[in-house]
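Structure, as structure tokens:
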Amino acid sequence: MSGHGTPTPMTSHRAEPLKGVAEVPGDKSISHRSLILGAMAIGETRISGLLEGDDVLDTAKAMQTFGAEVVNHGGGNWSVFGVGVGGFAEPDQVIDCGNSGTGVRLIMGTMATSPITATFTGDASLNGRPMARITDPLALFGTKAVGRKGGRLPMTIVGAAEPTPVRYVVPVPSAQVKSAVLLAGLNAPGKTVVIEKEATRDHSERMLAGFGAEITVEDTEEGRVITLTGRPELKPQEIAVPRDPSSAAFPVCAALITPGSDVLVPGIGLNPTRAGLFYTLQDMGADLTFENPREEGGEPVADLRAKYSPDMQGIEVPPARAASMIDEYPVLSVVAAFASGTTMMAGVKELRVKESDRIDAMARGLRANGVTVDEGEDWWSVDGLGPDGVPGGGTCESFLDHRIAMSFMVMGMGAQNPVTVDDGSPITTSFPIFEPLMTGLGAKFTRA
Ligand code: S3P
């Protein structure tokens, strides 16, 4: 099992004014998809800017176990020599996806319509997460799944030998579910239709089109209707992975709450299905600007400039924006603690089934540091204490969740007293250079 090794307690002390340029790593969602679709094409897909975090490295290993050749040229440059749609070999070992829900769910979808059997596992966090949301739609193709009680990993998937295409309305707002069904549809004859009521990140649709699949997207009364024609011959691509907005969130939010800060975070992917946090921060009154907007590799990109913002106000975050910032609520709740007034975050039930129950994890850590939090099943609110009002001084559990760990390290940067995280080791799943990048800007982190 690829775990995070021994727990690494980390403490974040009040920071110097943050200054400089924060070059965050490549986008995690796009990195997973580059490797998986590269493996489904015939020939060499070249990827630059790949995120070399544990989650993506586990997906790279999995693609090799299914028969693709994956080469690391160094410096974020990788090649994948794909086996073609339906060309996966049966793995001779268990596929360990570590901490990654995206990795396991997308890979299960990809193999589900080939006549092979594979067993999947992960770390304690991943093995506690629900998989029925994937195996239910895959069963419609003829795929079988045997897992633990409650549809948990470890789980064996028996791919459908004669898959039938499906029409599926995604019952929860989840790009992982949508993508798993589309990837399964690649090797089903005919048209697979996926309908989502709320738009979620659309990297799979964009990338499938880029690789030459026949895919259409229509906005209808029923929702976003995505139609994919199965059994295409995918053509290898050159992919430049944009920097991850979900990682950019950490230096941006740290700058907003740390007096005297002025930080530039260049080349950030601003796909509208991902950028909700930045608009929310602007709505709160953050001094956050988009500079040099441009398009790179089919994705909108800009440089973000974030400056210390002592006048932020709590707001009601529009629930319709939730899918476009779902991974950013933990760090938003930290910013909310430094704003004046209450920030209400509703329509966010999905936060309960991420790498941890993120509402519970953040509520505990915020309360341990003197912040008042109220919560219900699908909402939570944070009472802001103003720019210099967060006492800090507490210890927070990270629950094997990288974004919980990083959020509390950010909180310590602006709090009156140091904030300790019981285990910072999960940070390497998505942001392996978090510590040097943040300390390079002016953060003061110590390890116990
Ligand atoms: C992801 C989708 C989201 C997100 C995750 C990455 C993806 O999960 O939280 O970090 O790359 O498809 P859900 O599909 O569970 O919403």
Side-chain angles (χ1 to χ4, degrees), residues 25-37 50-51 53-56 58-59 97-110 122 125-126 128-137 151 168 170-184 194 196-208 224 226 241-242 244-250 269 271 273-277 299 319 321-332 347-359 361-362 378 400-407 426-427 429-431:
D27 190 282
K28 181 155 71 71
S29 294
I30 296 177
S31 294
H32 282 296
R33 287 160 173 81
S34 306
L35 292 167
I36 293 170
L37 283 179
L50 189 84
L51 167 64
D54 296 341
D55 278 12
V56 174
D58 284 330
T59 290
C97 290
N99 190 249
S100 182
T102 306
V104 77
R105 290 172 173 149
L106 267 52
I107 297 168
M108 280 180 174
T110 309
S125 157
L126 187 57
R129 297 180 69 184
M131 293 298 145
R133 54 176 55 200
I134 298 295
T135 53
D136 286 353
Y168 189 66
V170 184
V172 287
S174 167
Q176 292 173 0
V177 175
K178 167 179 68 177
S179 303
V181 177
L182 289 172
L183 289 166
V194 184
E196 57 177 4
K197 291 180 201 129
E198 292 171 52
T200 63
R201 65 192 68 197
D202 63 355
H203 307 302
S204 298
E205 296 92 305
R206 287 176 188 243
M207 209 180 274
L208 279 163
R224 261 182 103 241
I226 306 150
V241 180
D244 197 326
S246 299
S247 296
F250 296 102
N271 180 314
T273 60
R274 294 288 300 283
L277 170 76
E299 295 273 348
R321 206 181 266 171
S324 70
M325 52 179 288
I326 195 67
D327 290 336
E328 283 66 73
Y329 282 94
V331 74
L332 173 66
V348 291
K349 200 166 163 206
E350 280 295 299
L351 291 179
R352 298 227 178 250
V353 289
K354 296 292 180 185
E355 286 83 331
S356 66
D357 175 339
R358 286 183 169 161
I359 297 178
M362 288 307 298
D378 68 346
L400 287 181
D401 188 329
H402 51 131
R403 297 199 203 286
I404 301 301
M406 289 187 281
S407 297
I427 291 172
T429 60
S430 70
F431 200 160

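Just so you know, ligand 1 is whichever comes first in the structure, and atom 1 is the first atom listed for that ligand. In this chain, numbering begins with 1 at the start of the sequence shown. Values below: all heavy atoms of this structure, side chains included; hydrogens, waters and symmetry mates excluded.
- Close approach to Ile326 involves these atoms of ligand 1, each under 4.0 Å from a residue heavy atom: 9 (O).
- Of the polar atoms of Val177, none of the N or O atoms is found under 3.5 Å from an N or O of ligand 1, judged by distance alone.
- At a 4.0 Å heavy-atom cut-off, ligand 1 touches Lys354 through the side chain alone.
- Judged purely by atom type and a 3.5 angstrom limit, Ser356 has no side-chain atom pairing as donor or acceptor with the backbone of Ala361.
- For Asp327 and Arg403, the salt-bridge test passes: some basic side-chain N is under 4.0 Å from an acidic carboxylate O.
- No side-chain donor from either of His203 and Ser29 sits under 3.5 Å from a side-chain acceptor of the other.
- Considering backbone and side-chain atoms together, Ser29 places an N or O closer than 3.5 Å to an N or O of ligand 1.
- Nearest protein neighbour of atom 4 (C) of ligand 1, counting heavy atoms only, is Asp327 OD2, 3.3 Å.
- In this structure, Pro173 has a heavy atom closer than 4.0 Å to ligand 1.
- Here atom 2 (C) of ligand 1 lies nearest to Arg201 when heavy atoms of Arg201, Arg133, Arg403 are compared.
- Two residues are said to be in side-chain contact when any heavy atoms from C-beta on lie closer than 4.5 Å; Ile326 and Lys354 meet this criterion.
- No side-chain heavy atom of Arg129 sits less than 4.5 Å from a side-chain heavy atom of Val353.
- In this structure, Arg33 has a heavy atom closer than 4.0 Å to ligand 1.
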Exercise for review: Could you walk me through whether Asp27 and Arg201 pass the salt bridge (charged side-chain N to carboxylate O under 4.0 Å, His left out) test, one step at a time?
Suggested key: CA-CA 12 Å; Asp27 190 282; Arg201 65 192 68 197; 5.7 Å; no
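- Remark: Glu299 does not engage Arg274 in a salt bridge, criterion side-chain N to carboxylate O under 4.0 Å.
- Near Ser174, with a cut-off below 4.0 Å to any heavy atom, the atoms of ligand 1 are 13 (P), 14 (O), 15 (O), 16 (O).
- With ligand atoms numbered from 1 in the order given, ligand 1 contributes 1 (C), 5 (C), 6 (C), 7 (C), 11 (O) to contacts under 4.0 Å with heavy atoms of Thr102.
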